[in-house]
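What follows is one structure encoded as structure tokens, with my remarks underneath.
Each chain gets a letter, A, B and so on, in the order the sequences are listed, and its residues count up from 1.
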Amino acid sequence: MGFEFDVILLTGLLDFYAKVGDLGSARKVFVEMPERDVIATNAMISAFSRYGCVEEAKQLFENMSQRNSASWNSLITCYCKSSEVHNARLIFDRNPMKDVVSWNAMIDGYCKSEQMVKADELFVEMEFMKNVVTWNTMIAGYVQCGEFVRAINLFQRMLSEEVKPTEVTMVSLLSACAHLGALDMGEWIHGYIRTKKIMIDFILGNALIDMYFKCGNVEAAIQVFHGLHDRNIFCWNSVIIGLGMHGYGKEAVDAFIAMEREGIKPDGVTFVGLLCSCSHSGLVSVGRSYFSEMKIVYGIEPGIEHYGCMIDLLGRSGCLQEALELIKSMPMKPNAVVWGGLLRACHKHKDAKLGEQVTDNLLSLDPHDGGNYVFLSNLYASLNRWTEVDQCRKLMIKRGVRKTPGCSSIEVENIVYEFVAGDTSRTQINVFLDKIVKEVQAHGYEPDTTTVLHDVEDEEKESVVRYHSERIAVAFGLMTMQPGRIIRVVKNLRTCDDCHTFMKFISNVYKREIIMRDRNRFHHFRNGYCSCNDYW
DNA sequence: TTAGGGTTAG
């Protein structure tokens, strides 16, 4: 009795040390235990696994005279966590007492290393052994790999096989909806959570808030936030980031103040959200002062991402020199994002001299990002420097750099439709789009010729800009959606000036609200105006 | 003692 009690107690202590980050003490407890049973040894293996000490875990495992299934599973997890999926598989295959946990651990290992084909092979092989964790692992895996539609499809299969989803399932699905901008689907999941009375904890609450913001429904996001019993730093951060990306800079700052009042300490992510919010709303002095307070008042050392926000904030508002000085004063080496922010600012404020200087740095750091070349090319184009535009294009061809194709999606009746720039195969939509162009031209819209070079590497420049993906998506929305319904479009890149103007005209001429999420932020078009005040 | 979920800069 005494021995058992000791072992259980000491194992608990070992586990406690491991979980609070003190591997040394955990190991000491283990070594000094008078006797060690399987459970204690498994706990030690898990502790090693937590800290990536694969060799120690393996040694301990190999020396065990007796093992239970948890021993095998702990080692599988250990290899997976250290990205040694191949070794995990060797243990998995050797394991004589495979249970559902072994399979799930192995599937998760494949998911985390983005080997979804292998994960799916095991998933299929499991047949009736699958439990809800298996399904959750696969769904989360697809989300982590960016295969959002697959994740949703798998969920539908899960329902058809009558497996009862859990709050974990919901979190992954909401994350998929947030990425896709699939509001209808997100709302359906919220409804499902309510009818099935699924507990809304921190994580699920945060997933809902994030989904509503990223799908363009600010009010619903705020409502969920206020409905939560408890809010942790993730929830506050999502609110600050969400408000900022919709252009509610002042409200984001207010949220930050409210958060402090509630006694929650901001972290690095909070400041990314806060500075970014200031940047989108042109709150230059507020942003400057929060940046300077970060370390002194809040004890948070600014990271490269915070410098990135500041350079964007300063550059966008026209303080190009100050932005450059800040880059020079950074304690770390500036990366492509930092230089990219300044390049965009040079483009906006038509400073070709600084733009060239910045580009040298940028292209040496990130020679394969097509977007950078496009931006430089646009900068030259806006200054009528066509020789340089041409050189830029040739350089891209020489280096084999391709611009990411523009892609927009729109959700109609629960189905997400995707459109790619320059797609002229959908004749009906394009005919309709041409009609829209004529209509808004009659109301004063003039196509901006400088953005014709937005897609420098494409031969069919004309048709590409005429059929930028967001235009096709909006045309499709106007064709298929009931009058008065908000058109919501998600684009993978930043929208160009010309499309931005075009959307403003449509919102006025067709009396339609358009909410567009681009790579950077949200644009709410209504009555000929955009919520970003043309500042983006 | 073993498996699944959340926020972040161009």
From [options], nucleotide with atom closest to [X] side chain:
X      : options              : answer
A:I203 : B:dG10, B:dG5, B:dA3 : B:dG5
A:Q144 : B:dT7, B:dT2, B:dG5  : B:dG5
A:V337 : B:dG10, B:dT1, B:dT7 : B:dG10
A:I241 : B:dT8, B:dG10, B:dA3 : B:dT8
A:S238 : B:dT7, B:dG6, B:dG5  : B:dT7
A:F234 : B:dT1, B:dG6, B:dA3  : B:dG6
A:D99  : B:dT7, B:dG5, B:dT2  : B:dT2
A:R344 : B:dT1, B:dG10, B:dA3 : B:dG10
A:V101 : B:dT2, B:dT1, B:dA9  : B:dT2
A:C235 : B:dG5, B:dT1, B:dG6  : B:dG6

Looking at [Y] and [X], is there a salt bridge between them, counting it only when a charged N and a carboxylate O are closer than 4.0 Å?
X      : Y      : answer
A:E62  : A:K58  : no
A:R231 : A:E262 : yes
A:R288 : A:E293 : no

So [X], base contact, sugar-phosphate only, or nothing? Heavy-atom distance under 4.0 Å.
X      : value
A:I304 : base
A:G341 : sugar-phosphate
A:Y307 : nothing
A:T166 : base
A:K112 : sugar-phosphate
A:A207 : nothing

Nearest-Å distance for atom pair [atom1]/[atom2], residues [X] and [N]:
X      : N      : atom1 : atom2 : answer
A:I139 : B:dA3  : CD1   : P     : 19 Å
A:F61  : B:dT2  : CZ    : P     : 15 Å
A:W72  : B:dT1  : CH2   : C1'   : 16 Å
A:W339 : B:dG10 : CH2   : P     : 17 Å
A:E305 : B:dA9  : CD    : P     : 9 Å
A:N73  : B:dT2  : CG    : P     : 10 Å
A:N206 : B:dG5  : CG    : C1'   : 11 Å
A:D267 : B:dG6  : CG    : P     : 16 Å

Give a yes/no answer on whether the side chain of [X] brings an N or O atom under 4.0 Å of OP1 or OP2 in [N].
X      : N      : result
A:K214 : B:dT8  : yes
A:N520 : B:dG10 : yes
A:K19  : B:dT1  : no

Does A:N232 get its side chain close enough to the base of B:dG6, under 3.5 Å, for a donor-acceptor pair?
->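 Pair found.
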Is A:D201 side chain donor-acceptor paired with the B:dG5 base, going by distance under 3.5 Å alone?
->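 Per atom types, the contact qualifies.
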In this structure, are over 12 heavy atoms from other groups packed under 6.0 Å from A:Q223 atom CD?
->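 Atom CD in A:Q223 is not crowded, with 12 or fewer foreign heavy atoms closer than 6.0 Å.
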Over all atoms of both residues, closest heavy-atom pair of A:Y17 and A:A26 |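 So the two residues come closest at CB-N, 3.7 Å.
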Identify the heavy atoms of A:M158 and A:I139 that sit nearest to each other, and give their distance.
->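 Scanning both residues, the minimum pair turns out to be SD-CD1, 3.9 Å.
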Measure from NZ or CZ of A:K98 to the centre of the six-membered ring of A:F92 and say whether it is under 6.0 Å with the direction within 45° of the ring axis.
->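 Flagged: A:K98 positioned over aromatic ring of A:F92.
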